[in-house]
Amino acid sequence: MSTLSPGLRPPADRPVPPEPRTSASPGPRIPASPKPRAGRFRRAAARLTPADRAVLWLYLLTRISLWITAHFARWLFPARPGAREAAPVLAPFQRWDANHYLHIARDGYFPAGAGPWTSGWDNREAFFPGYPFLLRAVHTVVPDWTAAGLLISFVAGAVAVLALARIARAYMPEDAAGRRTAALFLLSPCAVFLAVGYTEALFLAFALPAWLAAVRHRWALAAVLTALATTVRVSGLFLAAAIALLFVLTAREKRDRRSWRAAGWMLLPALPPAAYSWYLHVYTGDWMAWKHAQERGWYRTFHTPWEAWANTWNGAFGHTQSTGYALMYQAELLAMLVGLALVAVLLYRRRWPEALYVALSLWALGTSYWYTSIPRATLLWWPLWIGLAALSLRRPWFRTAYLSVAAPVTTLVALTFLTGRWAG
């Protein structure tokens, strides 16, 4: 907040008087034409630092790499053996959850009176409305549903990776901190989900700027962005809890009553999930319809953490599943161990808000019948990628080891998704 009095404002804040007319003036002054829209883009681009541009360039290169992979996948791995024609260009991207979001955006949550009471119901109310609503809006401009979803993820992913790099630079003094964090993140095993019609990119496009705003103590902005994140995924509530804890710790440290004035903003992120629960209650009579839909469709009934671990272990190594599913359960177990190790490191370093965020995510994912989607959830754990980047900057050999392992795994995961083999 400026300490200048109104009379001492810089000259740039004052209105500029019109130029006096003179006898040499050729005629009436012609109003200046409005600045072209391209000028706005130039001004926005001017706000990007060279480090930001390097991160965005890396982001674009990895997107191109993924698109090339998708193009060859539809030729090399056709859905039917012996096929003589490749699948449509966008077919590799329209898989699983992307279809749920498409159906919600196109038909709504309860089309023609259908719902959980209908036989063969797809449990679409398990998915929060933020992404489907945005998809429907973008579809008014982009006629193809799949292309509209890819555009959302492309733009949102750019925002997310830029915010991630800025957070990393706020935590680490090294010049390469942001670029290194972005590289490890974009080459992570489940990075394909940032580029398809899923919610990871959009959620991070709200969540990471929200955390960056909170770190800078801009609580109102952080609350608004977190509220937008809660329209996309329930994970937004975990972020809201972490930001609320950061706010409390900051206010206590300042020991100033004025620091508590922003406390009311901490309640804002709860409103979108509450509104969605009310909407579902109107149609189903169930305040927790979204949670019960997850239980019906994805075995997310509550089980103790040790029961969930045992069931997942049995699926991974008990020879009860096909090899594809068994491998997925092995990945779930490994991701859980990574998450637990991350929480332990964050607690050791007294990063209480970040530890709370990851711990709540692990609790939600680790108390189902068996683990589901934990590898994808690693994309949402920004302290993981910043921590790995810090380690690679201190130990150069770690970057080589990480890329040597991540490159083939990332490629295989992308291929399994793009060829329709992800779910076993």
Side-chain angles (χ1 to χ4, degrees), residues 48-63 65-66 156-195 200-201 203-205 207-216 239 242 246 334-335 337-355 357-358 361-362 374-411 413:
L48 299 176
T49 65
D52 292 334
R53 295 190 185 96
V55 167
L56 292 178
W57 177 241
L58 176 62
Y59 174 74
L60 179 60
L61 290 177
T62 56
R63 300 311 89 187
S65 175
L66 185 62
V159 174
V161 75
L162 187 60
L164 177 64
R166 290 181 175 182
I167 294 172
R169 291 198 296 268
Y171 284 3
M172 294 183 286
E174 290 85 354
D175 293 336
R179 187 170 64 254
R180 182 66 57 84
T181 303
L184 300 185
F185 173 68
L186 292 172
L187 296 175
S188 61
C190 288
V192 64
F193 292 100
L194 295 170
E200 277 75 6
F203 174 79
L204 289 172
L208 293 178
W211 184 256
L212 187 61
V215 169
R216 295 172 176 173
L239 174 67
L246 179 61
L334 178 59
L337 292 176
V338 170
L340 292 173
L342 176 61
V343 172
V345 171
L346 291 172
L347 291 175
Y348 175 77
R349 295 186 176 278
R350 299 179 181 274
R351 307 298 304 187
W352 311 120
E354 294 95 325
Y357 172 74
V358 179
S361 176
L362 289 176
I374 300 180
R376 278 172 51 197
T378 61
L379 293 171
L380 312 183
W381 301 342
W382 73 87
L384 173 63
W385 309 112
I386 294 175
L388 293 178
L391 179 60
S392 71
L393 290 170
R394 293 195 305 269
R395 304 285 188 270
W397 62 265
F398 178 79
R399 179 183 62 174
T400 303
Y402 175 89
L403 294 178
S404 298
V405 174
V409 174
T410 302
T411 303
V413 171

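Keep in mind that this is a model prediction, so the values were computed, not measured. Reckoned from all heavy atoms, side chains included, excluding hydrogens, waters and symmetry mates.
- Atom CG of Leu388 and atom CG of Leu393 lie 11.0 Å apart (nearest 0.5 Å).
- Taken from CG in Leu194 to CG in Leu66, the straight-line distance is 9.5 Å, to the nearest 0.5 Å.
- When every heavy atom of Ala182 is checked against every heavy atom of Val161, the shortest pair comes out as CB-CG2, 3.7 Å.
- The side-chain contact (heavy atoms from CB on, under 4.5 Å) check on Leu61 picks up Trp57, with sequence neighbours excluded.
- Residue Leu246 comes nearest to Trp211 through the heavy atom pair CD2-CH2, 4.0 Å, listed as atom of the first residue, atom of the second, then distance.
- Rounded to the nearest 0.5 angstrom, Phe185 CZ and Thr62 OG1 are separated by 10.0 Å.
- The closest donor-acceptor contact from the side chain of Tyr402 to the backbone of Leu184 lies under 3.5 Å.
- Pairs of residues two or more places apart, or lying in two chains, never qualify as salt bridge (charged side-chain N to carboxylate O under 4.0 Å, His left out) while including a residue from residues 388-402.
- The shortest heavy-atom contact between Pro189 and Val409 is CB-CG1, 3.8 Å.
- Residues satisfying the side-chain contact (heavy atoms from CB on, under 4.5 Å) criterion with Val343, sequence neighbours excluded, are Leu347, Val358, Ala359, Leu362.
- Smallest separation of non-hydrogen atoms from Gly157 and Ala201: N-CB, 3.9 Å.
- In this view, Glu354 and Arg351 satisfy the salt bridge (Lys or Arg N to Asp or Glu O under 4.0 Å) rule, not counting sequence neighbours.
- Closest heavy-atom contact between Leu403 and Pro408: O-CD, 4.3 Å.
- Rounded to the nearest 0.5 Å, atoms CG (Leu208) and CD1 (Ile167) are 4.5 Å apart.
- Nearest heavy atoms, Ala335 versus Pro375: CB-N, 3.7 Å.
- Residues satisfying the salt bridge (Lys or Arg N to Asp or Glu O under 4.0 Å) criterion with Arg169, sequence neighbours excluded, are Asp52.
- Counting only heavy atoms from C-beta outward, the side chains of Pro383 and Leu346 approach each other to under 4.5 Å.
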Let me see the working for Trp381 and Thr378 under side chain to side chain contact (heavy atoms under 4.5 Å, CB included), right down to the final yes or no.
-> CA-CA 5 Å; Trp381 301 342; Thr378 61; 3.6 Å; yes

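- One distance of note links CH2 of Trp385 with OG1 of Thr181; it measures 10.5 Å at 0.5 Å rounding.
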Given the rule in the side chain to side chain contact (heavy atoms under 4.5 Å, CB included) test, do Tyr59 and Leu162 qualify, once you have shown the distances and angles that lead to the verdict?
-> CA-CA 9 Å; Tyr59 174 74; Leu162 187 60; over 6 Å; no

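- The side-chain hydrogen bond (donor to acceptor under 3.5 Å, both in side chains) search around Arg179 returns none, not counting sequence neighbours.
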Evaluation steps, side chain to side chain contact (heavy atoms under 4.5 Å, CB included), between Leu204 and Trp382 = CA-CA 9 Å; Leu204 289 172; Trp382 73 87; 5.7 Å; no

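- Note that CG of Leu379 is 10.5 Å distant from CG of Leu164, once rounded to the nearest 0.5 Å.
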